[in-house]
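What follows is a set of notes on a single structure, which appears directly below.
Quick caveat: nothing in here was measured; it's all calculated off a predicted structure.
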Amino acid sequence: MANVYFDHNSTTAIKSEVLNAMLPFMQSQHGNPTSRHVFGRNARDAVETARAQVAQAVGVQASQVVFTSGGTEANNFAVHGITAGLVRNGFEKGQILTSAIEHPCVSKPAQALQANGWQAKSIPVDENCRAKMDALEALLHAPSSLVSVMMANNETGALQDLPQIVALARAKKVTVHTDAVQALGKVAVDFNELGVNAMTISSHKIGGPQGAGALVLDKRVDIEPLLYGGGQELGLRSGTENVAAIVGFGAACELAMQNLQKYRQKTTALQAKLDAALRAMGANVFAEDANRLPNTTFFAFEHIEGETLVTALDKAGFAVASGSACSSNSGEPSHVLLAMGVAEDIARGAVRVSFGSTNTAQEVDGFLIALQQEVARLKQYSAIAA
Amino acid sequence: MAYSDKVLDHYENPRNVGTLDKNDPTVGTGMVGAPACGDVMKLQIKVNDAGIIEDAKFKTYGCGSAIASSSLVTEWLKGRTIDEAYAIKNSDIAEELALPPVKIHCSVLAEDAIKAAVADLKAKQGK
Amino acid sequence: MTTGRKPIYLDYSATTPVDPRVAAKMIPYLTEDFGNPASRSHAYGWVAEEAVENARSEVAKLVGADPREIVWTSGATESNNLAIKGAAHFYAPSKGKHIITVATEHKAVIDPVRELEREGFEATFLEPDANGLVSLEKFKAAIRPDTVLASVMFVNNEIGVIQDIEGIGNICRENNIIFHVDAAQATGKVKIDLEKLPVDLMSFSAHKTYGPKGIGALFVRRKPRVRIEAQMHGGGHERGMRSGTLPTHQIVGMGEAFRIAREEMDTENERIRMLRDRLLKGLSEIEETYVNGDLVHRVPHNLNMSFNYVEGESLMMAVKDIAVSSGSACTSASLEPSYVLRALGRSDELAHSSIRFSIGRYTTEEDVDYTIRLMKEKIAKLRELSPLWEMYKDGVDISKVQWAAH
């Protein structure tokens with residue numbers, strides 16, 4: 001097994017403080033939060049404490065946080081739920097505008113809604129992975145219902161200018177959702193400052209457990225549930241609360257906020273070191289001129305297959321990714337890079353490094369040595385092949 | 001559901017549980033609520049010649065707040081005149097017991113029980 | 001108000017504690033082996049993927065399915081939503097828009113069906129017999145040419161009765177109806193063999209069977225192949241039927257919980273049946289009690305009883321040294337009497353005064369004996385307070401009394 005983990009955008013190890021917070025709820029504190037006896041009330045209190053912690057991390061009131069099973073569910077809930085809410089309130093079905101670099105759990109639900117008479121359209125991005133404002137403005141001339149643009153891209157780490165997107169959408173009274181799963185814990189995420197109406201966040205990207213996420217809602221949004229049943233989460237999300245994971249999510253949020261400053265300083269330094277070395281080695285660093293997450297670098301060497309390089313690096317002891325975990329079995333080049341206008345053969349070479357707070361400069365040094373060796377070796381093969 | 005300490009006290013140690021002879025001309029009996037709604041309250045008052053309530057008894061089928069509301073009013077009723085009894089408001093009961101909004105109906109029921117007991121007494125004495 | 005010790009837990013149908021063996025298995029996947037099972041490029045991902053697949057086999061084994069027929073979800077609520085909306089949407093164009101279900105289903109079945117009604121589907125909510133069981137004749141009579149889907153729960157969460165899944169399934173097969181079964185309360189309690197059972201879709205939950213909360217599964221039959229429309233779209237996990245990062249540690253927990261259930265259910269259920277029968281015998285010594293639901297076609301874990309002339313909520317307050325529930329956990333925040341008991345034809349009063357005792361792995365004989373003593377004492381006290389009990393003792397027929405509308 002690799003001993004250096006550089007794939008934190010895929011998932012993160014749980015922090016020990018988080019695990020300790022969770023353990024009682026995996027063992028003795030086992031109540032169902034809906035039950036009225038003391039076991040149930042303790043579980044309910046734990047869920048509500050976590051809700052307050054999550055709310056505080058993004059600057060909202062606890063009542064604005066709806067827990068889900070994770071980011072995918074929260075994104076599906078946002079797209080399906082907001083559009084269904086509009087229909088219930090008698091609005092026309094307008095366009096659903098999602099950026100070309102969204103995670104499929106935003107773009108696919110939008111496409112699925114086309115069967116019900118909605119129109120899904122893609123907002124193009126520039127070569128630095130940023131949504132094109134003129135294009136968005138033009139799209140918004142036609143009646144639109146929802147705009148969804150992710151705050152930070154999972155592959156390139158590029159950050160979007162959300163306040164400007166919100167301003168354009170708001171002028172047309174269009175609801176805005178953002179997938180902030182990759183941004184939380186890495187940069188400041190203030191729901192009200194962003195001005196969005198709905199925002200997705202997830203636990204396992206910030207040192208919390210898998211299995212918990214949330215949709216944060218502006219109180220004006222009238223949303224329909226995705227899951228129907230026992231009426232948990234004020235009827236917006238049925239299903240017994242995943243108490244342990246929710247408690248872990250809350251603890252992880254609190255820790256992430258305490259450590260944000262340190263995290264940024266540390267990862268920014270690692271990123272600067274990595275990027276400089278990559279440039280010196282002649283790599284393409286994607287979204288280089290965009291504001292990026294401090295922990296993410298997405299790059300490619302010409303004529304070197306990304307999958308091959310990633311596998312070689314894994315053998316050398318470094319866990320990195322060739323793109324997002326979710327698409328890593330498709331063999332297709334990254335849709336994000338293609339949307340940025342990157343040529344397909346370059347895109348096939350893409351490798352993502354995503355740091356975490358426990359990574360060190362020595363690990364980056366070691367990685368760069370391994371990378372240089374593997375790149376030299378693979379270039380030789382490709383030269384022979386050519 | 002969190003109950004106030006006063007509700008718990010009345011629930012654990014209900015005052016004046018029991019039955020008075022309903023055929024006694026100085027006893028007024030009020031029975032309000034319905035089993036189907038989850039509460040039935042029986043409240044009885046016994047009035048002396050001066051028109052003062054000298055005894056009050058209750059039996060209640062219902063939740064803790066309903067039991068506490070009826071127990072509390074039996075305490076309040078003793079020593080009061082009929083008119084003073086009639087003036088007891090559900091809001092007084094709800095406030096005293098710190099009832100949550102979903103339990104306000106219990107205090108309403110207790111007020112209704114007092115009014116029904118007084119009406120029964122008046123009907124008897126009017127005869 | 002807190003008494004020093006914790007109350008005795010008799011609410012295993014609301015949720016079970018995680019078995020310590022399950023927790024021990026889960027924790028490494030939170031700490032060292034924390035990879036995303038979808039990561040194909042490094043060992044962290046492979047280890048997680050392997051753990052997920054092992055767990056899938058364990059879940060499949062308990063219910064006699066092929067691992068490829070198991071789709072992970074966030075729990076039984078999501079499984080039910082996915083099965084019902086997913087199958088209804090997929091098959092409606094070819095078959096029609098009529099759905100049959102039962103009035104005593106869990107809300108996680110009833111509410112998705114209600115949602116489909118708003119979309120233009122029609123639904124029949126069958127009333128069970130007084131014992132809680134759905135008769136095959138009644139089921140047959142409800143079938144229409146456009147019936148596309150039927151959903152019947154295996155074991156009822158409130159009264160524990162076991163439906164004739166095989167009988168209903170055979171009728172569904174004959175009539176080309178997709179058959180979904182909510183088995184959240186059944187795993188580890190009744191034998192399930194999906195190789196033989198004529199069921200197309202079956203929902204499972206981990207936290208009712210000593211696994212963690214937040215994880216469940218849906219069985220989707222491969223032969224003959226059953227199709228569902230995905231309700232959650234995204235990275236295309238779970239063969240496109242359910243996207244979302246798989247929570248490895250929870251999946252591992254469900255696998256381990258189901259493995260333990262498979263190996264231990266026979267002996268465990270015998271022990272639990274003895275405890276339940278002891279509880280039933282003790283409580284039956286109290287006057288005017290009624291068992292809700294059939295006692296034969298019933299899981300051993302459940303005893304649901306109504307205590308006439310005492311009100312449910314005050315009864316719950318009186319017995320706070322035991323953790324039980326009145327009505328299902330999911331509806332107990334509301335003041336409505338249990339809709340399940342009402343569907344059996346129980347009067348509102350009896351429905352209000354019902355308590356569900358659910359027994360499980362860690363219940364002891366002392367727990368049961370204590371419960372019997374406590375119930376006897378508290379029922380007597382509350383009846384002393386009850387005007388209805390007084391009337392009953394005076395020979396008044398309460399059903400004939402004219403109650404003022406309130």
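At a threshold of 4.5 Å between non-hydrogen side-chain atoms, the residues C/Met26 and A/Met26 count as touching. Side-chain contact between A/Val38 and C/Lys320 is absent, with no heavy-atom pair separated by less than 4.5 Å. Residues A/Glu73 and C/Ser74 have side chains in contact (heavy-atom distance under 4.5 Å, counting atoms from C-beta outward). Between A/Thr240 and C/His207 the shortest side-chain heavy-atom distance falls below 4.5 Å.
With a 4.5 angstrom heavy-atom cutoff, A/Val320 touches chain C only via backbone atoms. Only the backbone of A/Thr12 comes within contact range of chain C, with at least one heavy atom under 4.5 Å from a heavy atom of that chain. For chain C, the nearby part of A/Glu241 is the backbone; its heavy atoms alone come within less than 4.5 Å. Heavy-atom distances place the side chain of A/Ala112, and not its backbone, under 4.5 Å from chain C. Contact annotation for A/Arg237: only side-chain heavy atoms (C-beta onward) come within less than 4.5 Å of a heavy atom of chain C. Looking at C/Thr248, the atoms closer than 4.5 Å to chain A (heavy atoms on both sides) sit in the backbone and in the side chain alike. If you measure heavy-atom distances from C/Pro112 to chain A, the contacts under 4.5 Å come from both the backbone and the side chain.
When the options A/Asn76, A/Asn75, A/Thr68 are evaluated for a side-chain contact (heavy atoms from CB on, under 4.5 Å) with C/Met232, the one that passes is A/Asn76. Among C/Thr245, C/Ile215, C/Leu246, the one residue that satisfies the side-chain contact (heavy atoms from CB on, under 4.5 Å) test with A/Gln210 is C/Thr245.
Listed options A/Gly40, A/Gly239, A/Cys105 were ranked by heavy-atom pairs under 4.5 angstrom with chain C; first place goes to A/Cys105. Interface summary for chain A: among C/Gly214, C/Gly244, C/Ala23, C/Pro17, the most heavy-atom pairs under 4.5 angstrom belong to C/Pro17. Each of C/Leu30, C/Val22, C/Val18 has some count of heavy-atom pairs under 4.5 Å with chain A, and the biggest count is that of C/Leu30. Most heavy-atom pairs under 4.5 Å with chain C: of the set A/Ser16, A/Ala43, A/Ser28, A/Gly31, this distinction falls to A/Gly31.
Among residues 78-88 of chain C, the residues having any heavy atom closer than 4.5 Å to a heavy atom of chain A are, in sequence order, C/Glu78, C/Asn81, C/Lys85.
Taking both residues in full, the closest heavy atoms of A/Tyr228 and C/Asp111 are given as CB-CB, 3.6 Å, listed atom of the first, atom of the second, then distance. When all heavy atoms of C/Gln231 and A/Leu226 are compared, the pair lying nearest together is O-CD1, 4.1 Å. Nearest heavy-atom pair across C/Gln250 and A/Ala245 is OE1-CB, 3.8 Å. Smallest separation of non-hydrogen atoms from A/Ser35 and C/Asp11: OG-OD2, 3.4 Å. Between A/Ser69 and C/Arg242, the closest heavy-atom pair is OG-NH2, 3.3 Å. Between A/Leu23 and C/Ile27 the shortest heavy-atom distance is CD2-CD1, 3.4 Å.
Here the straight-line distance linking atom OG of C/Ser243 with atom NZ of A/Lys108 works out to 6.5 Å at 0.5 Å rounding. Expressed to the nearest 0.5 Å, how far OH of C/Tyr44 lies from CG of A/Asn3 amounts to 6.5 Å. Residue A/Leu19 holds its CG atom at 7.0 Å from OG1 of C/Thr31, rounded to the nearest 0.5 Å. To the nearest 0.5 Å, the span separating NE2 on A/His37 from CG on C/Leu10 amounts to 9.0 Å.
Proximity of a side-chain donor or acceptor of C/Lys213 to a complementary backbone N or O of A/His30 within less than 3.5 Å is detected.
Applying the 6.0 Å contact sphere to NZ of C/Lys25 captures no more than 12 heavy atoms from other residues, nucleotides or ligands. Counting heavy-atom neighbours within 6.0 Å of C/Glu117 CD, excluding the residue itself, gives a total above 12.
For C/Ser151, the side chain to side chain donor-acceptor pair (under 3.5 Å) partners are C/His180, not counting sequence neighbours.
Between C/His233 and A/His80, the ring planes are tilted. Angles from 30° to 60° get that label.
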